[in-house]
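Just below is one structure, and these are the notes that go with it.
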Amino acid sequence: MRAHAQATMSPSASENDLNSVSPKPVVTRFAPSPTGFLHIGGARTALFNWLYARHHGGTFLLRIEDTDKARSTTAAIDAILDGMRWLGLDWDGQEYYQSEFAARHSEVAHALLEGGAAYRCYMTPEELTAQRERASAERRPFRIVSPWRDVSDVSEEQTGKPFVIRLKAPGDGETVIDDQVQGRVTVQNSEIDDFVLLRSDGTPTYMLAVVVDDQDMGVTHVIRGDDHLNNAFRQLCIVRAMGWPDPVYAHVPLIHGPDGAKLSKRHGALGVDSYRDELGLLPEAVGNYLLRLGWGHGDDEIISQSQAIDWFDLAHVGKSPSRFDFKKLENLNGHYIREADNQRLADLIAPRLELSEDQRGLLVRAMPELKARAHNLNQLADGALFLFATRPIAVDQAAAEHVAGDGRDLLAAAHDALAKVSNWHAPALEEAVRGVAERREVKLGKLAQPLRVALTGQTTSPGIFDVLALLGREESLARIADILVEPNE
RNA sequence: GGCCCCAUCGUCUAGCGGUCUAGGACGUCGCCCUUUCACGGCGAAAACACGGGUUCGAUUCCCGUUGGGGUCACCA
């Protein structure tokens, strides 16, 4: 699989033991399976686990559930780690890889077997499907009934055949989980079937692996997606059969697409890497959005990561699924772009603009004007394009009309006035341009638009005086002159 | 279909029996600011799914209906 420092499965976060007095220290974990990118729902689960641990001064662990070797890839693992780092979700210690604990999983399965809480089941796949089909034909719920459940002595001929180890489910009574998000949930034990612990090839199933790993890693709080709530009852059977302490469960509702159905590729469900690279979002915006999706703190909307750590709790996590609203995410992103450091933003978009050092300087200087207008980094980069365009600059079709007719005359007048400005800064430039407008008895807008088109090639841009100042005297006058000499097409 | 869960403006949510003629945010629509676009400011439309209870009093508690979601593998 993958080389990494040995992750010791030391029970509990022993480092904290001396400091914590009565309640046991909180240990949470995020346990993604590396079969794809870190999707947005996973990111939120990770965020909640991280926040809960940090809020309680506990430990946040990361475990890669790579037991399905056929579907797990190192590229997916890297994408997950990368996504978490980007979101600022640092995990404690080395990440764990579930595949490395197969022996331990098997050991527990056999312990269960010895203790009589599990049994070898020799049913063939054919027998299984036959049973399943019979159930659906009779329109009754399928629950496996293995003839091997209570067989004590197995014939020698049989023992040579392949078998799986199944848990002996309780059968009667009921199991209750006090879920920190969903509340008290009760399930009749008759609903819980004899699920597989160890496959016929000796590998552990997910159901077994999670429980064993959570126990060995000292996980106290299992915070995960709602889709695992049903599993929790089965997992609890293993926990109790082993005599281990129940973990605290918190099942967070899933994120849905705009149409209310589970978020999927159809909705453009993306990896967090796409939120960064393709959508041009800032990690603080994505984090803030994810936090507020399904959790609230009064009327607060803009919440920093440290505030989130202070405020986060499971009690205020909503119980119903929430829909993903991209508009709100982008609005938040606009806010964080405006808040962001100019140099940082310039560094973020410089690569896609392919700038020289000098040009980077200009970009930083222009940033206060540029960032006020962008909701994502793509818009930010687009907005900066005019600064680095080479003359004669291209003029948008729609913009061209502003530099024809009257506009052209005004532009000529502006050019002359600007050429006389000695102190090339916004205030002086404004004075000169306004002077022209007054003499020609036109509103400033009549002059500003042609000027904007000549300087940027577009009808929208930062304030025109800032544009002039940013571009500099020589470049500005040249761009205006270009328009004046070039006959309009 | 069985089991489990959920239900406040279009969306995210506040509300934890009277403070609700239901608050905030995004989005939408006006107006203001203004050289364009944004930003910002002001304002508007917009919700307690329905029906029964409990209670002096229900958005808040209980039951049912409807609607939505999750889950039913030798996948995780």
Side-chain angles (χ1 to χ4, degrees), chain A residues 31-35 65-68 70-72 98 121 123 125 128 132 135-136 139-144 162-166 179 181-183 185-188 190-193 195-201 203-207 209-210 225-231 233 251 253-254 256 258 260-262 289 292-302 315-316 318-332 334-335 338 369-375 379 383 399 402 430 433-434 437 443-449 451-453 456 458-465 467:
Chain A
S33 58
T35 54
E65 310 223 314
D66 57 348
T67 51
D68 186 349
R71 293 198 300 152
S72 301
Q98 188 160 63
C121 175
M123 284 179 84
L128 230 31
R132 210 186 316 269
S136 77
R139 297 170 51 80
R140 62 178 165 77
F142 170 71
R143 198 155 301 116
I144 185 168
F163 63 88
V164 297
I165 294 182
R166 289 185 185 277
D179 193 277
V181 170
Q182 300 297 339
V185 185
T186 305
V187 161
Q188 296 304 313
S190 58
E191 296 296 327
I192 302 172
D193 64 345
F195 56 95
V196 174
L197 262 18
L198 217 57
R199 301 187 187 101
S200 52
D201 66 356
T203 59
T205 59
Y206 159 79
M207 214 62 74
V210 225
D226 208 2
D227 50 343
H228 285 290
L229 182 54
N230 291 295
N231 287 336
F233 289 91
H251 289 92
L254 302 178
H256 286 176
K262 194 174 178 179
Y289 178 73
R292 280 287 291 100
L293 193 62
W295 178 85
H297 186 267
D299 286 343
D300 295 303
E301 296 286 347
I302 305 293
H316 287 86
K319 302 170 85 167
S320 53
S322 35
R323 302 184 186 200
F324 196 83
D325 181 2
F326 189 76
K327 283 279 183 53
K328 187 155 183 172
L329 206 205
E330 185 149 88
N331 172 277
L332 220 35
H335 168 84
R338 272 172 259 131
E369 286 296 318
L370 298 176
K371 71 183 182 184
R373 297 171 166 72
H375 292 105
Q379 291 175 0
H402 289 281
E430 175 162 2
V433 173
R434 283 190 188 279
K443 292 184 117 178
L444 182 58
K446 275 287 190 189
L447 175 53
Q449 268 319 70
L451 211 42
R452 186 184 319 282
V453 171
T456 69
Q458 299 172 322
T459 52
T460 70
S461 81
I464 198 65
F465 310 119
V467 170

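Just so it is clear, the values below take in all heavy atoms, side chains as well, and ignore hydrogens, waters and symmetry mates. Convention: sequence-line order gives letters A, B, ...; per-chain numbering from 1.
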Pairing nucleotide - [N], Watson-Crick or G-U, each distance under 3.5 Å:
N: B/rU19; result: none
N: B/rC72; result: B/rG1
N: B/rG51; result: B/rC63
N: B/rC9; result: none
N: B/rC42; result: B/rG30
N: B/rU35; result: none

What is the nucleic acid contact for [X], judged by heavy atoms within less than 4.0 Å: base, sugar-phosphate only, or nothing?
X: A/Thr67; value: sugar-phosphate
X: A/Asn231; value: base
X: A/Leu198; value: nothing

(message) List the residues meeting side-chain hydrogen bond (donor to acceptor under 3.5 Å, both in side chains) with A/Gln458, not counting sequence neighbours, and say none if there are none.
(response) none
(message) Could you work out, with side-chain hydrogen bond (donor to acceptor under 3.5 Å, both in side chains) as the rule, every residue matching A/His251, not counting sequence neighbours?
(response)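 By the side-chain hydrogen bond (donor to acceptor under 3.5 Å, both in side chains) rule, A/His251 matches A/Asp179, A/Arg224.
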(message) Strictly under 4.0 angstrom, non-hydrogen atoms only: write out the protein contact profile of nucleotides 26-48 of chain B, one letter per nucleotide from the 5' end, B, S or -.
(response) BS-------BBBSSS--------
Using whole Å, what does the distance between atom [atom2] of nucleotide [N] and atom [atom1] of [X] come to?
X: A/Asp299; N: B/rA14; atom1: CG; atom2: P; answer: 10 Å
X: A/Arg292; N: B/rU11; atom1: CZ; atom2: P; answer: 15 Å
X: A/Met207; N: B/rA73; atom1: CE; atom2: P; answer: 10 Å
X: A/Arg323; N: B/rC6; atom1: CZ; atom2: P; answer: 18 Å
X: A/His256; N: B/rG70; atom1: NE2; atom2: C1'; answer: 8 Å
X: A/His251; N: B/rG70; atom1: NE2; atom2: C1'; answer: 11 Å
X: A/Asp179; N: B/rC6; atom1: CG; atom2: C1'; answer: 13 Å

Quote, to the nearest angstrom, the [atom1] distance that separates [N] from [M].
N: B/rC5; M: B/rC63; atom1: P; answer: 11 Å
N: B/rU55; M: B/rA46; atom1: P; answer: 35 Å
N: B/rU65; M: B/rC4; atom1: P; answer: 13 Å
N: B/rU36; M: B/rU59; atom1: P; answer: 49 Å
N: B/rG67; M: B/rG18; atom1: P; answer: 32 Å
N: B/rA58; M: B/rU19; atom1: P; answer: 12 Å
N: B/rA7; M: B/rU60; atom1: P; answer: 11 Å
N: B/rC62; M: B/rU54; atom1: P; answer: 15 Å

Looking only at the side chain of [X] (C-beta and beyond, no hydrogens), which of the listed nucleotides [options] gets closest?
X: A/Leu128; options: B/rA7, B/rC12, B/rC74; value: B/rC74
X: A/Pro321; options: B/rG24, B/rC74, B/rG69; value: B/rG69
X: A/Asp227; options: B/rC12, B/rU71, B/rA76; value: B/rU71
X: A/Glu301; options: B/rA25, B/rA7, B/rA76; value: B/rA25

(request) Please figure out whether A/Asp193 or A/Ser322 has its closest RNA chain B nucleotide nearer the 5' end. (result)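 On the 5' side of the pair lies A/Ser322.
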(request) Please tell me which of A/Phe324 and A/Asp201 maps to the more 5' nucleotide of RNA chain B, matching each residue to the nucleotide holding its nearest heavy atom. (result)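 In this pair, the answer is A/Phe324.
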Could you tell me if the side chain of [Y] sits less than 4.5 Å from the side chain of [X], heavy atoms only?
X: A/Asn230; Y: A/Val187; value: no
X: A/Leu128; Y: A/Ile144; value: yes
X: A/Val433; Y: A/Glu430; value: no

(message) If I take atom CD from residue A/Gln98 and atom CG from residue A/Asp68, how far apart are they, to the nearest 0.5 angstrom?
(response) 11.0 Å
(request) To the nearest 0.5 angstrom, please state how far the CD atom of A/Glu65 sits from the OG atom of A/Ser72. (result)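 The distance works out to 9.5 Å.
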(message) Just N and O in the side chain of A/Arg166: are any of them under 4.0 Å from OP1 or OP2 of B/rC74?
(response)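 Yes, such a contact exists.
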(request) Taking the six-membered ring for Trp and the single ring otherwise, decide whether the centroids of A/Phe233 and A/His228 are under 6.0 Å apart. (result) no
(message) My understanding is that only residues two or more places apart in sequence, or in another chain, count here; which of them pass ring pair (Phe, Tyr, Trp, His ring centres under 6.0 Å) with A/Tyr289?
(response) A/Phe324
(message) According to ring pair (Phe, Tyr, Trp, His ring centres under 6.0 Å), who are the partners of A/Phe195, at least two apart in sequence or on a separate chain?
(response)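 Expected list: none.
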(request) Give a yes or no answer on whether the side chain of A/Thr205 reaches the backbone of A/Val196 with a donor-acceptor pair at less than 3.5 Å. (result) yes
(request) Examine distances only and state if a side-chain atom of A/Arg292 and a backbone atom of A/Trp295 form a donor-acceptor pair shorter than 3.5 Å. (result)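 Side chain of A/Arg292 to backbone of A/Trp295, a donor-acceptor pair under 3.5 Å: yes, one is there.
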Check: protein-nucleotides 1-5 of chain B nitrogen or oxygen pairs below 3.5 Å:
unit_1, atom_1, unit_2, atom_2, d
B/rC5, O2', A/Gln182, OE1, 3.0

